[in-house]
Amino acid sequence: RWRKWQIRARIQSSIDRNLAQAMNELERIGNLLNLPKSVKDEAALIYRKAVEKGLVRGRSIESVVAAAIYAACRRMKIARTLDEISQFTKANRKEVARCYRLLLRELDVEVPVSDSKDYVTRIGSLLRLSGAVMKTAAEILDKAKNVGLTAGKDPAGLAAAAIYIAALQNDDRRTQKEIAQVAGVTEVTVRNRYKELINELKIQIPTQ
Amino acid sequence: MVIIADSNVQYKAVINIENIVATVTLDQNLDLYAMERSIPNIEYDPDQFPGLIFRLEQPKVTSLIFKSGKMVVTGAKSTDELIKAVKRIIRTLRRYSIRIIGKPKIQIQNIVASANLHVHVNLDKAAFLLENNMYEPEQFPGLIFRMDEPKVVLLIFSSGKMVITGAKREDEVYKAVKRIFEKLNELECISAVEEEEELEL
DNA sequence: ATCTTACTTTACAAAGC
DNA sequence: GCTTTAAAAAGTAAGAT
């Protein structure tokens with residue numbers, strides 16, 4: 001009936017208004033994170049699903065947008081931590097993480113387990129490392145995963161340690177400090193992962 | 001501590017009940033201000049939290065007491081300990097001339113347990129094959145699995161150790177551990193722990 | 001560099017904001 | 001949703017020594 005059509009139209013317009021505001025936020029945060037258009041498009045798709053399912057009610061548009069961005073990054077294999085993303089919102093990491101979990105549970109969005117090799121790409125580009133170093137780091141991470149060294153560990157910390165080793169092996173020494181900083185982990189974590197990788201994978205470090 | 005050994009499958013789990021959360025209902029209202037005045041070592045700050053905090057040393061539990069006469073008791077490691085603790089709490093209240101009428105109704109709301117399967121668990125594979133799971137190593141090292149029957153949540157670590165929570169009866173804990181072992185085994189997400197490693201624990 | 005303390009996750013109730 | 005309580009798992013973090 002007319003009434004029903006009217007209700008539907010009203011709901012649609014509220015969704016449209018929400019989407020319009022969300023797309024602005026998405027564009028803003030996405031640009032601050034230097035995300036490619038493909039990731040922003042993917043995040044927009046995820047966000048649209050969330051609004052249509054009414055998941056944004058009672059939550060800030062901004063934190064759901066941030067969660068959608070995080071999910072999109074994971075799907076597109078563009079490494080960004082929840083901390084990096086939430087720093088551009090008024091919400092904290094915990095709130096964005098809460099929204100992310102909601103998206104995972106309520107939407108049919110498949111998100112692969114985060115891959116430390118994606119962080120090699122991320123850290124590598126920030127430090128302008130050579131392809132050779134990144135390739136070596138990726139190989140180290142593959143071996144580590146095969147022997148069960150990576151389970152439960154922060155992929156950013158694993159990638160940082162692998163890069164530290166790979167850089168040494170390729171005569172392009174980087175300090176644990178600079179790697180830790182761009183990876184978003186502490187030096188202690190890099191050191192711990194480093195020791196473990198060296199010992200368990202029997203990696204020889206060029207002595208200097 | 002309960003050790004379960006099953007001859008059919010090579011299944012050996014060490015299970016520990018770590019914490020029981022229960023509610024206790026006293027059919028009467030309580031004057032928390034009067035209690036705070038007369039009972040020593042009590043915390044009561046209604047601006048911060050509506051409940052009064054009372055810690056019992058033996059058995060070591062903590063109870064939150066509300067003016068409605070309802071309480072929450074946490075920290076017990078067994079049902080016996082929980083019942084003993086509730087009796088002592090009420091005896092203590094009476095000792096400080098707080099009138100308690102009738103007998104308390106105790107309801108277990110949640111049981112938290114830990115278990116060790118003594119195997120390595122391939123979390124990446126489990127995350128891919130198990131339903132209703134979440135594995136976000138950036139956020140937390142354990143895989144979170146929501147089991148339907150018994151309805152509990154398990155935090156599974158690659159070491160084969162785990163946390164089981166959400167159970168309302170102890171047998172649900174044992175059932176859940178047995179079930180997750182069988183499930184992980186069927187999905188081939190389990191591998192033996194080296195004897196050397198086994199010994200160090 | 002290593003130690004200690006503390007926070008991440010899970011479930012659950014209570015009464016009130 | 002938050003506040004408070006308890007407890008485990010393993011990883012990470014922060015501040016002190």
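The chains referred to below are lettered A, B, ... by the order of the sequence lines, with proteins before strands, and numbering in each begins at 1.
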Crowding at CD, B/E188 (>12 non-hydrogen neighbours, <6.0 Å)
no

What's the closest nucleotide to the side chain of B/T23 if the choices are C/dC12, C/dT2, C/dA14?
C/dA14

Which listed nucleotide (C/dA11, D/dG11, D/dT4) is nearest to the side chain of A/K153?
D/dG11

Between B/K67 and C/dG16, is there a contact of a side-chain N or O with OP1 or OP2 at under 4.0 Å?
yes

Closest to the side chain of B/K70, out of D/dG11, D/dT5, C/dA15, is C/dA15

In sequence, state the C-alpha distance, the side-chain angles, and the governing distance for A/K117 and A/K145, and then conclude on side chain to side chain contact (heavy atoms under 4.5 Å, CB included).
CA-CA 11 Å; A/K117 285 191 277 182; A/K145 187 172 179 175; over 6 Å; no

side-chain N/O B/K161 vs D/dG11 OP1/OP2, d < 4.0 Å:
no

Of the listed nucleotides C/dA11, D/dA7, D/dG11, the one nearest the side chain of B/K77
D/dA7

side-chain N/O B/Q48 vs D/dT4 OP1/OP2, d < 4.0 Å:
yes

Quick one: do A/T186 and A/T189 satisfy side chain to side chain donor-acceptor pair (under 3.5 Å)? Show the steps, please.
CA-CA 5 Å; A/T186 63; A/T189 295; 3.2 Å; yes

Would A/E62 and A/T89 count as a side chain to side chain donor-acceptor pair (under 3.5 Å) here? Give the steps.
CA-CA 7 Å; A/E62 202 188 31; A/T89 73; 4.6 Å; no

If you take the centroid of each ring, where Trp contributes its six-membered ring, are B/F54 and B/Y44 closer together than 6.0 Å?
no

Measuring from the side chain of B/V112 (C-beta onward, heavy atoms only), which nucleotide among D/dA7, C/dA1, D/dA6 has the closest atom?
D/dA7

What's the closest nucleotide to the B/Q139 side chain, out of D/dA7, C/dT8, C/dA14?
C/dT8

Residue-phosphate contact under 4.0 Å: A/K94 side-chain N/O, C/dT8 OP1/OP2:
yes

Considering just the side-chain nitrogens and oxygens of A/R59, establish if one lies under 4.0 Å of OP1 or OP2 belonging to D/dG1.
no

Check the phosphate of D/dT12 against A/T189, side-chain N and O only, distance under 4.0 Å to OP1 or OP2. Yes or no?
no

So, is B/S114 close to the D/dA9 phosphate, meaning a side-chain N or O under 4.0 Å from OP1 or OP2?
no

Among D/dA13, C/dT9, C/dA14, which is the nearest nucleotide to the side chain of A/T186?
D/dA13

Side-chain contact check for B/E18: nearest option of C/dA13, D/dG11, D/dA8 is D/dA8

May I ask which nucleotide in the shown strands pairs with D/dA6, Watson-Crick or G-U wobble, both distances under 3.5 Å?
none

Would you say A/R101 reaches C/dT10's phosphate, i.e. side-chain N/O to OP1/OP2 under 4.0 Å?
yes

Side-chain contact check for A/D154: nearest option of D/dT4, D/dT12, C/dT9 is D/dT12

Audit row: A/N31, A/K40, side chain to side chain donor-acceptor pair (under 3.5 Å) steps and yes/no
CA-CA 9 Å; A/N31 291 338; A/K40 291 188 278 186; 2.7 Å; yes

Distance between the P atoms of C/dT2 and D/dA9, in whole angstroms?
23 Å

Selection from D/dA6, D/dT3, C/dA13 that lies nearest to any side-chain heavy atom of B/Q109
C/dA13

Tell me whether the OP1 or OP2 atom of D/dC2 has a side-chain N or O from A/R98 closer than 4.0 Å.
yes

Between A/R191 and C/dT2, is there a contact of a side-chain N or O with OP1 or OP2 at under 4.0 Å?
no

According to a strict under-4.0 Å criterion, is B/S159 in side-chain N/O contact with OP1 or OP2 of D/dA10?
yes

Hey, does the side chain of B/K60 come within less than 4.0 Å of D/dA7's phosphate (OP1/OP2), counting only N and O?
yes

